[in-house]
Each structure stands twice: as structure tokens, then as C-alpha cells.
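So that the names make sense, note that chain A is the first sequence line, chain B the second, and so on, each numbered from 1.
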Number of protein chains: 2
Amino acid sequence: MKPNQLLASSCAMTRTMGILGGKWKPLIIWGIGQRRIRFGQLAAHMPLISRKVLAEQLKELEEAGLILREAFNEVPPRVDYSLTENGLRLLPILESLRDWTKSCEAAGTPASGPCLVEKQA
Amino acid sequence: MKPNQLLASSCAMTRTMGILGGKWKPLIIWGIGQRRIRFGQLAAHMPLISRKVLAEQLKELEEAGLILREAFNEVPPRVDYSLTENGLRLLPILESLRDWTKSCEAAGTPASGPCLVEKQA
DNA sequence: GTTACTAGTAACGTGCTGGTAACTAGTTTC
DNA sequence: GAAACTAGTTACCAGCACGTTACTAGTAAC
């Protein structure tokens with residue numbers, strides 16, 4: 001099953017999974033949020049994702065038009081990432097998804113593992 | 001990166017990805033929708049997912065408490081799947097996700113590939 | 001001259017993910 | 001007595017997703 005196959009589907013939900021499929025992309029979008037953030041900051045923020053995978057996913061998200069990449073010709077190099085309008089419109093949906101998880105767990109056990117992405121207050 | 005690691009995170013968004021991560025689970029939930037549906041029907045409905053993977057994902061979703069599995073002691077065997085309350089509460093969120101995709105594509109190219117899951121009218 | 005800094009990329013290796021085919025059971029149909 | 005039906009499970013195998021390590025460039029600090 002190639003992701004391209006998903007994107008080519010006539011079913012909108014299937015295409016959605018082609019865009020956001022995998023466990024990383026929603027987390028990365030959520031991690032960027034409304035900020036402009038540099039690659040290194042983002043990587044430090046999400047220690048469970050390797051830098052290589054992060055770079056790959058960022059590139060795919062940029063191609064999908066969800067994030068904006070601004071590279072500055074400086075030394076040392078500097079690149080800022082931020083969400084495009086389409087990306088920003090995804091945030092409230094992700095938020096309701098997170099709330100759904102919380103409500104499911106309402107009577108469950110609290111988690112204690114490392115935080116992969118936590119929204120800055 | 002083990003999915004268990006995601007589930008153990010203290011970050012709710014990370015745990016969400018632990019539950020729904022991968023490209024299949026949201027599609028399966030969407031495919032079941034508000035119906036009671038048999039395994040064979042569901043499999044016929046989503047031709048791009050192999051039966052083996054479908055069975056595995058269904059089991060995981062059942063363990064996560066999102067779907068209900070009812071097996072009847074008949075011959076030939078019969079098993080009905082349906083969403084639990086938690087699963088049902090996910091449907092409107094998935095719907096807004098699908099709408100988000102559609103609005104992103106508003107000016108884009110129409111897709112023509114096979115439908116993996118399409119909501120029955 | 002060495003080290004550090006950033007934002008990656010390339011090479012390499014491993015293990016999980018997913019696909020295919022074969023098999024199960026008990027009853028019905030031919 | 002053979003075949004078909006359902007809902008899987010098992011064995012086996014290919015591929016890719018992911019991780020680790022090393023490397024780049026140009027400048028600044030030591």
C-alpha cells in the first residue's frame with residue numbers, strides 16, 4: 001500500500017489519511033502550532049522523533065502545503081518553520097482530537113512517559 | 001519507536017497518536033460508522049486493506065475500547081462489529097477532518113482512484 | 001589550528017509492517 | 001463425497017520505515 005494510492009482515492013477520508021497518515025505528521029503540526037520555530041528547537045521539543053525522520057516529514061508536509069519553510073542564507077544556517085493557513089485550520093481539529101482522548105481516559109490510568117509534543121502554555 | 005511508547009506519554013496528543021496512529025484505524029472507524037457490520041462486508045468495503053491487516057487493526061481497536069465485537073456461535077461463523085460510545089464520539093471529529101481536506105483541495109485537482117472507504121448515503 | 005554551531009543529507013543496517021497463500025470448523029448444497 | 005460458505009490464523013517473505021553514524025559549509029571563539 002503506497003501512500004500515493006491513498007492520495008489518488010476518490011474518497012475524501014482516504015485522501016485525508018494520505019496527507020496526515022502515519023503517527024508523526026499530526027504531532028509535528030501540533031508541535032509547531034502558531035509559532036515560528038527553528039528546526040533545532042522543534043527537534044529538541046520532540047525527542048522521540050529522530051532528526052532524520054523529522055526532516056523527511058517536514059519536507060512532505062511542506063510539499064502538501066501545510067507548513068512554510070523559510071531558509072536564511074546565514075552562517076550558521078537558520079531555517080524557520082511555521083504553519084500555512086491550511087495548517088492553521090487543522091489546529092482546532094487536532095485540539096478536539098486531543099480532548100476526545102482525554103475524555104476517553106477520564107476514568108483511566110494517568111500516563112507518566114516522556115512528552116513527545118506538549119503545547120506550550 | 002514503539003506505539004506503546006506513544007501511549008505511555010504524558011502528552012495527550014502523543015497518546016492520541018498511539019491510539020489512532022497509522023493510516024488504517026481512522027479509516028476503519030469511519031468505515032464502520034453508525035452501522036453494525038460483518039467482517040466480510042467491511043473487508044469488501046475497503047478493498048485496499050488486506051484481510052489480515054484488517055483483522056489485526058480491528059483487534060487493536062477493540063482492545064482500545066473503540067469498537068465492539070460480537071461473535072455468534074453459528075455456522076458459518078458470523079461476527080458483527082460496531083462502534084462503542086467512545087468510537088461514536090470520534091465520528092464528528094473525523095467528519096471535520098474530511099471537510100478540512102475537501103476545503104484544502106477546493107481549487108485543486110479531482111481524484112479518480114479507488115475508494116477505500118466511502119460513507120454510505 | 002581546533003572546536004563548535006546549524007540544518008540538514010548520505011550511507012548503512014535492522015526490524016517491523018503488510019501482502020499472499022494455505023488452512024481451520026461445521027453445516028448446507030450438489 | 002466434494003465444494004462452498006465465514007472469520008479468521010499461521011507461515012513465510014518483501015519492502016520500507018526508522019535509527020545511527022558520519023559528513024558538509026562558513027564563521028566565530030579559543
Could you tell me whether the phosphate oxygens of [N], OP1 or OP2, come under 4.0 Å of any side-chain nitrogen or oxygen in [X]?
X	N	answer
B/Lys59	D/dG8	no
B/Arg69	D/dG8	yes
B/Arg38	D/dT6	no

Using whole Å, report how far [atom1] of [X] lies from [atom2] of [N].
X	N	atom1	atom2	value
A/Ile49	D/dC18	CD1	P	10 Å
B/Trp24	D/dA17	CH2	P	12 Å
B/Gln41	D/dA7	CD	C1'	13 Å
B/Leu27	C/dG18	CG	C1'	15 Å
B/Leu54	D/dG8	CG	P	9 Å
B/Asp80	D/dT6	CG	P	14 Å
A/Lys23	D/dC18	NZ	C1'	9 Å
B/Glu56	C/dC16	CD	C1'	11 Å

(request) Take A/Val75 and A/Leu58, find for each the nucleotide of DNA chain C with the closest heavy atom, and name the residue whose nucleotide sits nearer the 5' end. (result)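 That would be A/Val75.
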(request) Would you kindly compare B/Arg51 and A/Gln57 by the position of their nearest DNA chain D nucleotide and give the one closer to the 5′ end? (result)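 It is B/Arg51, whose closest nucleotide lies nearer the 5' terminus.
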(message) Quick check on DNA chain D: between B/Lys52 and B/Gly40, whose nearest nucleotide comes earlier from the 5' end?
(response)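 Looking at the nearest nucleotide for each, B/Gly40 comes out on the 5' side.
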(request) Keeping the roles fixed (side chain from A/Ser9, backbone from A/Leu6), state whether a donor-acceptor pair exists under 3.5 Å. (result)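 Looks like no, no N/O pair under 3.5 Å.
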(message) When you measure from the side chain of A/Thr84 to the backbone of A/Gly65, do you find a donor-acceptor pair of N or O atoms at a distance under 3.5 Å?
(response)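 Indeed, once roles are kept as given, a pair shorter than 3.5 Å links the two residues.
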(message) Give me the atom names and distance for the closest heavy-atom approach of B/Met13 to A/Glu95.
(response)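 Heavy atoms of B/Met13 and A/Glu95 come nearest at CE-N, 4.5 Å.
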(request) Grab the two heavy atoms, one from B/Leu91 and one from B/Ile29, that are nearest each other, plus how far apart they are. (result)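 Closest pair (atom of B/Leu91, atom of B/Ile29, distance): CD2-O, 4.0 Å.
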Closest approach to the side chain of [X], judged atom by atom: which nucleotide of [options] is it?
X	options	value
A/Val79	C/dA7, C/dG18, D/dA7	C/dA7
A/Ser50	D/dT20, D/dA7, C/dG19	D/dT20
B/Ala55	C/dA7, D/dC18, D/dT9	D/dT9

(message) Over all strands shown, is A/Tyr81 touching base, sugar-phosphate only, or nothing at heavy-atom distances under 4.0 angstrom?
(response)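 Answer is sugar-phosphate: A/Tyr81 comes under 4.0 Å of backbone atoms only.
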(message) Taking B/Glu105 first and then A/Arg15, would you say they form a salt bridge - that is, a charged N and a carboxylate O separated by under 4.0 Å?
(response)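 Looking at A/Arg15 together with B/Glu105, the answer is yes, because their closest N to O distance falls below 4.0 Å.
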